Chemist: 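Encoded as structure tokens, here's the structure I'll be asking about.
Each chain gets a letter, A, B and so on, in the order the sequences are listed, and its residues count up from 1. Keep in mind that what you see is a predicted model, and the values were worked out from it rather than measured.
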Amino acid sequence: MIIRIVNEPFSSNAYLLCRESDSKCIIIDPGLDEVLVDQKIIELKLKPIAIISTHGHFDHVGGVSFFHDKYSIPFYLHIEDLKLYKSSNFYLKLSKINRFIKIIEPEFLMIGKSQKLNIDKFSLEIYNYPGHTKGSCIIKHENNIFTGDIVFKKGLYLNKLPQENAAVLKKSIIEIMNAFDLASNCYPGHGNEAVLNEIKLTNQDLINFISN
Amino acid sequence: MEKKKITEIVTSTVCSLVETLPAEQKFIVDQNTILFGTGSKIDSLSLVSIIVDLEGVFSSDYGIDISLTDDRAMMRKKSPFDSITALVDYIEELTLEN
């Protein structure tokens, strides 16, 4: 079961990847609405066992320390986004958001292009697809892929920050469309979920971006 | 690294940014130029570019890895982005530790 919780102020998606048999869950991309996410965890009597972020932008890592401390669970992040994560408070200030988040040292730094992670009984595959940020990853679990800010049902998320590289992003998106089963359920960092093939065929901004 | 050299690198990086601005937005860069906050003529994206460029120059040209935007920078009583002088002071502090 996958539960989406929309975090404000950037409408970023936090996900709870849950196993119904024992209520264990992995928190993916806890943003700045950690209380809202935690309310859902409490309401569903879930037992968080890990936190993974698809990338290091503050709207996807803002709640990490809250869950890390409350549930004593490890945090996974790709090493290429560590510096970005540690700059979260700078970017919050730049975005005129009056928050100061606690930065923790991730227990696990993912490295390289791909990695298999077995967390409890969750078998995950992590793939680094740079472009949006250097350490942006897709998290695959069964037929579901969490695509962060790389692939969306509608539109693209170009922010013009120096960490973004449009040419590399384009290459990554093309690779993703070829690498994953097009029947995969895609859970993006913003907006609604969709089947990957639907995105490939109907996301006109994405089609234009990779065609030019 | 000498403070004079750091000042030269920082000033030149900010000047390069100013050169890319439209004529009506250009301004004279000096030691008191505010990089961020009230009175700054530099927008957020440009500030990020300056920082990324500076970190890149210190790393690639001088082999010194610095981070100008982590919590150490953000929690300083005097922000490194208050002025070019403040940023130079902070970078000097970091380079001395490196």
Chemist: Chain B contacts: which residues in residues 74-86 of chain A have a non-hydrogen atom closer than 4.5 Å to it?
Modeler: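 When heavy atoms of chain B are the reference, residues 74-86 of chain A contributes Lys83(A), Lys86(A) within the under-4.5 Å range.
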Chemist: Measure centre to centre between the rings of His190(A) and Phe10(A), then say whether the value is under 6.0 Å.
Modeler: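 Not close enough - the centres of the two rings lie 6.0 Å or further apart.
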Chemist: Are Tyr90(B) and Glu92(B) close enough that a side-chain donor and a side-chain acceptor fall under 3.5 Å?
Modeler: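 No donor-acceptor contact under 3.5 Å links the two side chains.
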Chemist: Is the ring pair His55(A)/His60(A) parallel, tilted or perpendicular, if the boundaries are 30 and 60 degrees?
Modeler: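 Tilted.
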Chemist: Examine whether an atom of Val48(B) lies under 4.5 Å from a heavy atom of chain A, and if so say whether it belongs to the side chain, the backbone or both; otherwise answer neither.
Modeler: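 Contact with chain A involves both backbone and side-chain atoms of Val48(B).
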Chemist: Report yes if the side chains of Phe108(A) and Ile52(A) come closer than 4.5 Å at any heavy-atom pair, otherwise no.
Modeler: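 Contact flag for Phe108(A)/Ile52(A) side chains = no.
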Chemist: For Thr133(A) and Ser136(A), test the side chains for any donor-to-acceptor distance below 3.5 angstrom and give the result as yes or no.
Modeler: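 Note: Thr133(A) and Ser136(A) side chains meet the donor-acceptor criterion.
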Chemist: Determine whether Arg99(A) and Leu32(A) make a side-chain contact, defined as any pair of heavy atoms from C-beta on separated by less than 4.5 Å.
Modeler: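 Result yes, sub-4.5 Å side-chain heavy-atom pair found.
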Chemist: What about the rings of Phe58(A) and Phe90(A), do their centers lie closer together than 6.0 Å?
Modeler: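 No: the rings miss the under 6.0 Å criterion.
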Chemist: Can you tell which part of Leu68(B) gets under 4.5 Å to a heavy atom of chain A, answering side chain, backbone, both or neither?
Modeler: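 Answer is neither: Leu68(B) stays 4.5 Å or more from chain A.
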